[in-house]
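See below for the structure under consideration.
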Amino acid sequence: MHNTFTRIQNVFGFFTSVAFTVAAVIAVSVLLCPQSPSAKLELQNVRVVKGRPHYYSTKREEYAHVTFDLDADLSTLFNWNTKQIFLYITATYPSASPSTIPPSEAVIWDAIIPADDAPSHPNTYVHPDRKAKKPAAGSKNKKRAAKKVKGKPYPAGTKPGILRLASQKPKYQITDVSGKIASRGNATLTLHWNIQPYVGVLTWSSHSPITKALAWRWKALEGGQSEVFEFPPLLSAENVKKEDLKTEKGGEAHRLMAG
């Protein structure tokens, strides 16, 4: 009964119980942290053209290219248990048959905002003051610069979750199942997020049940939605420059097909 295997089992069971208890306390403790996010989201420009919205598209269809301004302060969403925040902006517009089909929603831009102690990776939004200077020619210098950006903390006086984007290009074009989106009205841009903790459940933006239940402590997002706009009429390929339709990733997956 008291052999080595049994004792190891007991020690491991005790360690597991303590670890789960500590994790549960950490997960519950963040519910007491106040949150008061705010954002200002404005539409900058929108174009509708006909072509192949993705390099793998098999047919030509209408798609919209949206640029926007975003001024957000989401720093209160970060606490000792926040690993990173997945941030994304959606465009909502009426469907082809609004009386029978709910509104359509498409993601146009997204980014991951890591905490100070979380490593950066692709798709990470880096604070403007945190960006490294352009390295000299040579792969070794580029690798060193990348390491410096990943390990460098946010500048003094700044916190993760502060975004200042002007004339931001989208990452994804807007398409519709009908293949037509020109002159579609009553559209809006909306900011959303998903908080990913080290321990505990994922919490979404103001629409989640947890956020609503903690309204006394967690304030809903102030702002974060653009004014209502209308997709413009279809532009001809001759009137649009390919540079104007590039996405944030360089536009390698989106091209305008003339003719």
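Any value given below was found using the heavy atoms of this structure, including those in side chains, with hydrogens, waters and symmetry copies removed. Predicted model, so just to flag it, every value in this text is computed and none were measured. Numbers here simply count residues along the sequence, with the first being 1.
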* Those residues that, when tested against Thr175, pass side-chain hydrogen bond (donor to acceptor under 3.5 Å, both in side chains) (two or more places apart) -> none

* Asked: Hey, what do you get for CG (Leu189) to CD1 (Ile89), rounding to the nearest 0.5 Å?
  -> 7.0 Å

* Heavy-atom closest contact (Phe86 atom, Gln196 atom, distance) -> CB-NE2, 3.7 Å

* Asked: Is there side-chain contact between Pro233 and Val48, with heavy atoms separated by less than 4.5 Å?
  -> no

* Ile162 versus Ser75: any side-chain heavy-atom pair under 4.5 Å? -> yes

* Partner residues of Asp71 under the salt bridge (Lys or Arg N to Asp or Glu O under 4.0 Å) criterion, sequence neighbours left out -> Arg164

* Structure fact -> Rounded to the nearest 0.5 Å, the CD atom of Gln84 sits from the CZ atom of Phe78 at a distance of 9.0 Å

* **Expected output: side-chain Asn81 to main-chain Val199 donor-acceptor under 3.5 Å** => yes

* **Nearest atoms (heavy-atom pairs only) where Ala91 meets Ile174** => CB-CD1, 3.6 Å

* To do: Could you walk me through whether Thr6 and Asn3 pass the side-chain contact (heavy atoms from CB on, under 4.5 Å) test, one step at a time?
  => CA-CA 6 Å; Thr6 302; Asn3 56 32; 2.7 Å; yes

* **Gap separating the CG atom of Asn79 from the OH atom of Tyr198, nearest 0.5 angstrom** => 10.5 Å

* Same cluster or not: are Leu234 and Tyr93 linked, directly or through other Ile, Leu, Val, Met, Phe, Trp or Tyr residues, by side-chain heavy atoms under 4.5 angstrom apart? -> yes

* **Chi angles and distances behind the side-chain contact (heavy atoms from CB on, under 4.5 Å) call for His65, Val49** => CA-CA 8 Å; His65 181 278; Val49 296; over 6 Å; no

* Asked: Is the side chain of Thr76 donor-acceptor paired with the backbone N or O of Ser36 at a distance under 3.5 Å, no angle test?
  -> yes

* Asked: Checking side-chain hydrogen bond (donor to acceptor under 3.5 Å, both in side chains) for the pair Gln225/Thr190: CA distance, chi angles, key distance, verdict?
  -> CA-CA 4 Å; Gln225 190 172 55; Thr190 309; 3.3 Å; yes

* Structure fact -> For residues 182-195, the salt bridge (charged side-chain N to carboxylate O under 4.0 Å, His left out) pairs (sequence neighbours left out) are Asp176-Arg184

* Asked: In terms of ring plane angle, is the pair Tyr88 and Trp204 parallel, tilted or perpendicular, where the classes change at 30° and 60°?
  -> perpendicular

* Structure fact -> Between Leu221 and Ala39 the two heavy atoms that sit nearest each other are CD1-N, 4.0 Å

* **Residue list, salt bridge (Lys or Arg N to Asp or Glu O under 4.0 Å) with Asp73, at least two apart or on another chain** => none

* What pairs with Lys180 under salt bridge (Lys or Arg N to Asp or Glu O under 4.0 Å), at least two apart in sequence or on another chain? -> none

* To do: Measure the CG-CD1 distance between Leu74 and Ile85 for me, rounded to the nearest 0.5 Å.
  => 6.0 Å

* Determine whether Trp80 and Val22 fall in the same hydrophobic cluster, where Ile, Leu, Val, Met, Phe, Trp and Tyr are linked whenever their side-chain heavy atoms lie under 4.5 Å apart. => yes

* Candidate pair Trp109 and Val66, rule side-chain contact (heavy atoms from CB on, under 4.5 Å), full reasoning -> CA-CA 10 Å; Trp109 182 85; Val66 177; over 6 Å; no

* Are Ile112 and Val107 connected in a single hydrophobic cluster, I mean Ile/Leu/Val/Met/Phe/Trp/Tyr linked by side-chain heavy atoms less than 4.5 Å apart? -> yes

* Take the angle between the ring planes of Phe229 and Phe231 and call it parallel below 30°, perpendicular above 60°, tilted in between. => perpendicular

* Structure fact -> Residues at least two apart in sequence or cross-chain that pass salt bridge (Lys or Arg N to Asp or Glu O under 4.0 Å) with Glu222, listed by chain then number, are none

* Structure fact -> In this structure, CG of Leu70 is separated from CD of Glu42 (nearest 0.5 Å) by 10.0 Å

* Given the rule in the side-chain contact (heavy atoms from CB on, under 4.5 Å) test, do Thr203 and Trp193 qualify, once you have shown the distances and angles that lead to the verdict? -> CA-CA 8 Å; Thr203 55; Trp193 68 76; 5.7 Å; no

* Is a donor on one side and an acceptor on the other found under 3.5 Å between the side chain of Glu62 and the backbone of Ile181? -> yes

* **Asp69: which of Lys40, Gln168, Gln44 passes side-chain hydrogen bond (donor to acceptor under 3.5 Å, both in side chains)** => Gln44

* Output yes when a side-chain donor or acceptor of Thr82 lies under 3.5 Å from a complementary backbone atom of Leu77, and no otherwise. => yes

* To do: Please examine the side chains of Thr92 and Ser104, heavy atoms only from C-beta on, and report whether any two atoms are closer than 4.5 Å.
  => no

* Structure fact -> What one should report as the nearest heavy-atom pair of Pro114 and Pro160 is O-CB, 3.7 Å

* Nearest-0.5 Å distance that lies between atom CD1 in Ile108 and atom CD in Gln173 -> 10.0 Å

* Closest contact, heavy atoms only, Leu191 versus Leu41 -> N-CD2, 4.0 Å

